[in-house]
Structure formats: structure tokens, C-alpha cells
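Since the structure is predicted, the reported quantities are computational estimates derived from the model, not experimental observations. Lettering of chains follows the sequences in order, A, B, ..., and the numbering in each one begins at 1.
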Protein chains: 2
Amino acid sequence: MNHDIAWPGSVRPGGRTARVRESVLQVAGDLLAERGFAHLDLAEVAATAGVGKTTVYRRWRTPAGLVADLLVEMAEQSLPRADTGDLLEDLTVNARLVARTLADPRQGNLFRAVIAAATCDDATATALHTFYDTRLTEWAPCVDAAVARGEAPPGTDARAVVSAVSAPLYYRLLASGDPIDEATADRAARVAAIAAAAGAFVG
Amino acid sequence: MNHDIAWPGSVRPGGRTARVRESVLQVAGDLLAERGFAHLDLAEVAATAGVGKTTVYRRWRTPAGLVADLLVEMAEQSLPRADTGDLLEDLTVNARLVARTLADPRQGNLFRAVIAAATCDDATATALHTFYDTRLTEWAPCVDAAVARGEAPPGTDARAVVSAVSAPLYYRLLASGDPIDEATADRAARVAAIAAAAGAFVG
């Protein structure tokens with residue numbers, strides 16, 4: 001995904017264009033969380049954000065285009081990875097961040113809405129995969145550093161370890177409906193760290 | 001969920017009522033996999049299945065009612081759990097079953113469609129949670145048996161171990177878009193078994 005899109009009429013970071021984007025994405029996120037992708041309407045987003053309808057249609061074109069840009073912003077605003085010098089601690093920070101996000105009513109609904117939209121819209125699916133790729137790429141160095149420190153064997157698949165931390169939390173959000181809390185997050189991190197140390201993520 | 005629903009006009013298991021249900025659910029699954037929940041239309045299901053429209057509306061009432069019954073059937077037809085006498089082997093059988101299901105084009109799309117529908121329809125969400133509850137309850141005794149054999153410590157949360165096997169596969173299906181193959185399945189089982197043996201699922 002291109003993070004350096006020069007919007008038509010863009011002036012400078014932090015200028016009017018950036019403020020318009022911020023307002024529009026805030027409203028889009030609110031509407032997605034409240035009502036889902038099927039009811040995301042560009043004209044309503046424009047009206048609620050106090051932005052001209054033409055501006056919104058010209059910049060984002062479709063609801064899928066709006067969701068794609070929202071995912072770019074979510075990836076940009078996602079916290080940088082931890083670097084505590086200990087794999088279990090790093091993974092626990094990550095797990096608690098994901099758990100807090102998914103357990104938050106607005107954010108949890110927003111992720112549910114975007115994931116649902118991605119099941120029937122290819123552009124949204126691509127944007128969603130890019131979002132997770134950005135996050136996995138951000139956090140994978142925690143595992144590589146742990147391998148360098150001797151906490152896990154060489155050949156450990158860093159991306160798989162980081163995915164294993166998030167996976168049980170998403171499984172609860174989307175499949176089983178079991179509650180997402182800090183104990184669940186801590187266990188997800190513990191399971192991944194122990195399995196990584198034992199070499200379960202090699203090959 | 002009530003597995004003993006007496007449909008209006010039901011006669012006996014395997015009779016005409018059972019055949020009507022089978023045809024209708026087959027068509028509903030096909031349409032869901034092809035086009036998603038938003039386009040599931042009871043009249044079209046009836047016409048395609050060669051069943052009277054009134055029968056379909058009377059028995060299933062809404063698209064959500066149809067999906068709920070489809071999930072009951074999917075849970076009924078899900079294979080019984082493995083019992084190989086070894087935790088890693090049992091979990092590997094489960095992981096490969098889930099991976100084959102999610103990697104199958106029709107079944108993968110069907111799960112995506114139902115999970116998407118559950119994000120915006122409470123009745124479908126309840127039916128989906130019941131489906132996973134049925135599967136987790138079916139497979140949990142593999143872990144309890146492993147604890148009894150001394151392969152994992154007492155207090156191991158069997159449901160969490162079984163969830164941990166499926167979770168990375170669903171994460172690929174719904175979030176990261178990474179491919180789902182047998183190697184992924186085997187690793188998911190290995191990670192869960194090793195972490196369980198190390199006591200990571202206690203507490």
C-alpha cells in the first residue's frame with residue numbers, strides 16, 4: 001500500500017487536507033462500528049464530517065476506498081513494537097494491545113465490520129491483509145532479537161510467532177464468542193513464547 | 001440450540017422432512033459460499049431446491065434461521081474427535097480437519113460468509129457460537145485424557161488448548177490472508193501440544 005499518496009489538492013502534512021482526512025476517517029470508523037460496511041454511505045460521511053460531498057467522492061471514490069484508507073491510518077497509528085529485551089514480555093505487550101483493541105466496543109465492532117467487508121469485497125480484503133502485514137512486520141523483530149539472544153532456536157518463523165499471539169484473540173472475537181480479557185492475552189503470549197523457546201516454530 | 005426440533009409436518013428421521021431439509025441446506029450452503037449472506041433469499045433457495053416456498057418460509061422463517069439450522073447440521077456432520085492415545089496426534093488430526101475445511105473453496109467461503117453474517121446479526125452470532133461450542137466440547141476430552149496420561153499438568157484448560165489449534169488457521173482465513181496448508185495445521189497442533197505439556201494452559 002502506498003503511504004505517500006498525494007491527494008489532489010494536498011498542501012502539506014498537518015494542513016487542511018490532513019484535517020479533512022482525519023475528520024472523514026473518524027466519521028467513517030464511527031459509522032462502520034455502529035452499522036457495518038453495508039450501510040457505509042459516502043454522502044452521509046461527508047455530511048457528518050462537515051466536508052463537501054464532492055471532496056469525499058473525489059478522494060475516496062467508494063466505501064471500499066474509504067475503508068482501505070482507514071486501515072492505512074490504523075496501521076500508521078498502531079503503537080511501535082515493544083523492545084523490553086525479553087521475548088515473553090514483548091509478546092505480552094503485543095497481546096494486551098490486541099486484546100484491549102478487540103475488547104473495546106468501538107474498535108472491536110470496527111474490526112468485525114472491516115473483516116466482514118473483506119469477505120465479500122476484494123479491495124477491502126487487500127487493504128486488510130496489508131494492515132496485518134504491516135503489524136506482523138513491525139513486531140517480527142522482537143522474535144528475531146530473541147533468537148539472537150538465544151531465547152529461541154535459529155530458523156524460528158518470527159511472523160508465525162507474532163500471528164500465534166493474536167490468533168486466539170481474533171478466534172474469540174469472530175468464532176467462539178468467548179470473552180477477551182487480559183488473562184487471555186497473557187496466556188496467548190505465554191503459549192507463543194514457550195512454544196517458540198521449544199523450537200515449535202522452526203520449519 | 002435444540003437438536004430435536006419437531007418441524008411442523010415432520011414424520012420420521014430419514015423421511016421426506018429430512019430429505020427436504022437436506023436439499024434446502026445444501027442449496028443454502030451453495031448460495032452462501034457463492035454470494036454471501038446479504039444475497040441469501042428464501043424464495044430462491046426454495047426454487048433451486050425444488051421445495052415449496054411456503055414450506056421454506058414456515059420452517060426457517062428468515063435467512064438467519066436458515067443459517068442457524070445449517071450450522072446445526074454442520075456441527076452434527078463434523079467428524080467425531082480423534083482418540084489416538086497421544087495428545088500431539090489427536091491435535092494434529094483436528095488441525096488437519098480444520099485446515100482442509102477452511103482451505104476448501106466452498107467450505108472456506110461458507111465459513112467466511114457465516115462469520116461475516118454473525119458480525120451484524122445476533123441470531124446468526126448465537127448459532128455460530130453454539131457451533132464452536134459443540135466442536136470445542138467434542139474435542140476437549142482429548143486434552144483431559146492427555147492430562148490423565150500425564151502428558152500435560154492438572155488444571156490444563158482443555159477448551160483453550162483446542163481453541164489454540166484452530167485459532168491460527170482462522171487468523172489466516174479472516175485476517176492475514178496467509179495460505180492455509182497442512183504444514184500450518186501441523187505447526188498449530190505442535191505449538192498447542194508443546195505449550196500444554198509445559199503447563200502454559202494452566203490458569
- Which atoms form the tightest heavy-atom contact between B:A195 and A:I194, and what is the distance? CA-CG2, 4.3 Å
- Note on the structure: Under 4.5 Å to a heavy atom of chain A? For B:R135 that would be neither
- Residue from B:C120, B:S163, B:A193, B:G36 scoring the most non-hydrogen pairs under 4.5 Å with chain A is B:S163
- Residues, nucleotides or ligands: over 12 heavy atoms within 6.0 Å of B:R106 CZ: yes
- After noting the C-alpha distance and the side-chain angles of A:R187 and B:D157, does the key distance pass the side-chain contact (heavy atoms from CB on, under 4.5 Å) rule? CA-CA 11 Å; A:R187 180 158 62 191; B:D157 182 335; 3.5 Å; yes
- Of all heavy-atom pairs linking B:A175 and A:Y132, the shortest is O-CD1, 3.2 Å
- Looking only at non-hydrogen atoms, find the nearest pair between B:L128 and A:L174 and report the distance. CD2-O, 3.4 Å
- Item | Structural part of B:F201 lying under 4.5 Å from a heavy atom of chain A | both
- Query: So how far is it from B:S176 OG to A:Y170 OH, rounded to the nearest 0.5 Å?
  - Reply: 10.5 Å
- Answer with side chain, backbone, both or neither: which region of A:V165 has an atom nearer than 4.5 Å to a non-hydrogen atom of chain B? neither
- Task: Go through the atoms of A:F131 and report whether side chain, backbone, both or neither lie under 4.5 Å from a heavy atom of chain B.
- Result: neither
- Interface moiety of A:L169 toward chain B, non-hydrogen atoms closer than 4.5 Å: neither
- Query: Does B:R149 CZ have over 12 foreign heavy atoms under 6.0 Å away?
  - Reply: yes
- Which of the residues B:D178, B:D133, B:L173 is involved in the greatest number of heavy-atom pairs with chain A at under 4.5 angstrom? B:D178
- Has the side chain of A:R112 got a donor or acceptor atom that lies under 3.5 Å from a matching backbone atom of B:T119? no
